[in-house]
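Working notes, beginning with the structure itself.
Letters go in sequence order (proteins before strands), and every chain restarts at 1. Values reported hereafter were calculated over all heavy atoms of this structure, with side chains retained and with hydrogens, waters and symmetry mates removed. Not measured: the values here are computed from a predicted model.
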Protein chains: 2
Amino acid sequence: MRLADLSKHSGVSTATIKYYLREGLLPPGRQVNATTAEYDEDHLRRLRLVRALIQVGKVPVATAREVLGHVDDDSLGRTIRLGAALWALPQDTEPDEADPAVAAARVEVDRLLELLGWETSRELAPLSPVHRSLVVAVAALRRLDYPWDAELMAPYGELMMEVARRDLDFMETHASEAEKVEMAVAAAVLFQPVLRALHRLAQEEESARRYGIE
Amino acid sequence: MRLADLSKHSGVSTATIKYYLREGLLPPGRQVNATTAEYDEDHLRRLRLVRALIQVGKVPVATAREVLGHVDDDSLGRTIRLGAALWALPQDTEPDEADPAVAAARVEVDRLLELLGWETSRELAPLSPVHRSLVVAVAALRRLDYPWDAELMAPYGELMMEVARRDLDFMETHASEAEKVEMAVAAAVLFQPVLRALHRLAQEEESARRYGIE
DNA sequence: CTGCTTAGATAGTGGCGCTATCCGAGAAGG
DNA sequence: CCTTCTCGGATAGCGCCACTATCTAAGCAG
């Protein structure tokens, strides 16, 4: 399969594929001679993953490169690889430590994790990018004077834990071993738009039930 | 309060505030004379909401303008205003109707709504931007050959319905009447990063419990 | 040999969220 | 009253990002 074929099968323009090759999102094809390179099914699958991450998951190209780098790192075991890939995902703004809303958010988030009994997350809290994202988001809500506290959020946390259990069950039962890490990344990134859409649909539905459509 | 004071209280630069005024995200202040305009607490609150939407919610400026336009439209009743504002939110790419994955996704999403008994959503499906977003996201997952079907997703939908009920309860009990529509928008947009972070944290937590940290 | 296609390199494009600069009208201080 | 400072408003520009268009030289097909 040459570049043009890769383009035809994926619906991505050759120019864009070349761009992804340059950016290291896609491994180079097997060079046959100076004017020909050969690509295979793995390239096609990777290309589809890249497109999904960038277009549906809205992951920046630089972040996608980092995540995929971890996915491809054969020196790591599966569990570590998965963790490293997920770890690289969030790209939120850094919290402003001088802001009192951030400090308050940090306290509240820690209380939440305690309530939920998420011990691992509490231990990793100072390092985890995901934890940082949560603090930033909570600080923003507090700045708007919305009453946000651990007791209020605990049920949401438990619901998300339920969702996460389903994610992992799903991964265990359906993915072939070779695809598991890729699948975990896809689950983390691509389920997000699905969950968001379901959330909004549920809001519309429940709102219509409570207040009518008018 | 003059523009500089608005800037000091919000931490947003005067240049950026001017930009928001130009873009219609912020109503103009009361013009005192040719060189002075007076702003009040409402402007400050609105500015904070705008910042949160854009920075935390990652809502594009053009979309934020549209959403806030609905929030401010006094000719509408509260329910309609809320619906219109939420309706304006999603900014995903249009589904490619020629793509068979999109057609398949549409069928599967309709089955899902039937399973869930979300009648309102089914009726509004052809029009709803949120519904479109869901179809696009599902199509992307299907293109990656991940087994996605209505039965698998129904529990996620029920969990999101539970989340949505909590959102609306929260809105009912905590917001003053004047802030309800704003709050609904904030809940739709700003709870998203919180939910996402909780989801990822839960994944990390559950993964650590199942497979250890290593 | 001719003419078309290919891979690869490089520079350019368009959109977006600001940001820097300029200007003329007042306010502030002596 | 005059100088100096600051303000609000208008305009043009910047930096980033995800592409995309153009060019070149090498190959292969007839």
(request) Report the nucleotide, chosen from dA20(C), dG17(C), dT20(D), that has the shortest atom-to-atom distance to any side-chain atom of Ala15(B). (result) dA20(C)
(message) Please report the distance, rounded to the nearest Å, between CD in Glu38(B) and C1' in dG9(D).
(response) 17 Å
(request) Answer with base, sugar-phosphate or nothing: what part of the nucleic acid does Gln31(B) contact at a heavy-atom distance below 4.0 Å? (result) sugar-phosphate
(request) Return no unless some side-chain N or O of Tyr20(A) is found under 4.0 Å from OP1 or OP2 of dC19(D). (result) yes
(request) For Lys18(A) and dT20(D), give me the distance from atom NZ to atom C1', rounded to whole Å. (result) 11 Å
(message) Any base atoms under 4.0 Å from Ile54(A), or only sugar-phosphate, or nothing? Heavy atoms, all strands.
(response) sugar-phosphate
(request) Quickly work out the Ile17(B) CD1 to dA20(C) C1' distance and round it to whole Å. (result) 16 Å
(message) Measure CG/Leu26(A) against P/dA7(C) and give the value in whole Å, please.
(response) 13 Å
(message) Can you confirm whether Arg46(A) sits close enough to Leu68(A) that some side-chain heavy atom of one is under 4.5 Å from a side-chain heavy atom of the other?
(response) yes
(message) Check the phosphate of dT19(C) against Thr16(B), side-chain N and O only, distance under 4.0 Å to OP1 or OP2. Yes or no?
(response) yes
(request) Find which nucleotide of DNA chain C each of Gln55(B) and Arg2(A) is nearest to by heavy atoms, and output the residue with the more 5' nucleotide. (result) Arg2(A)
(message) Need to verify one output field. Residue with the more 5' nearest nucleotide on DNA chain D, Arg22(B) or Ala4(B)?
(response) Ala4(B)
(request) Calculate the interatomic distance between His43(A) atom NE2 and dA7(C) atom P; express it in whole Å. (result) 12 Å
(message) Can you confirm whether Leu159(A) sits close enough to Met160(B) that some side-chain heavy atom of one is under 4.5 Å from a side-chain heavy atom of the other?
(response) no
(request) Look at the side chain of Pro60(A) and decide which nucleotide, out of dA18(D), dT19(C), dC18(C), has an atom nearest to it. (result) dA18(D)
(message) Checking the side chain of Asp5(A) only, and the main-chain atoms of Arg2(A) only, is there a donor and an acceptor separated by less than 3.5 Å?
(response) yes
(message) Heavy atoms only, 4.0 Å cut-off, all strands: where does Ala37(A) land among base, sugar-phosphate and nothing?
(response) sugar-phosphate
(request) Let me know the distance between CE of Met1(B) and C1' of dC7(D), rounded to the nearest Å. (result) 16 Å
(message) From NZ of Lys58(A) over to P of dC16(D), roughly how many Å is that when rounded to an integer?
(response) 22 Å
(message) Using whole Å, what does the distance between atom C1' of nucleotide dC19(D) and atom OH of Tyr19(A) come to?
(response) 6 Å
(request) Answer with yes or no whether the side chains of His43(A) and Asp40(A) bring together a donor and an acceptor at under 3.5 Å. (result) yes
(request) Check the side chains of Tyr20(B) and Arg51(B) for a donor-acceptor pair under 3.5 angstrom, ignoring hydrogens and angles. (result) yes
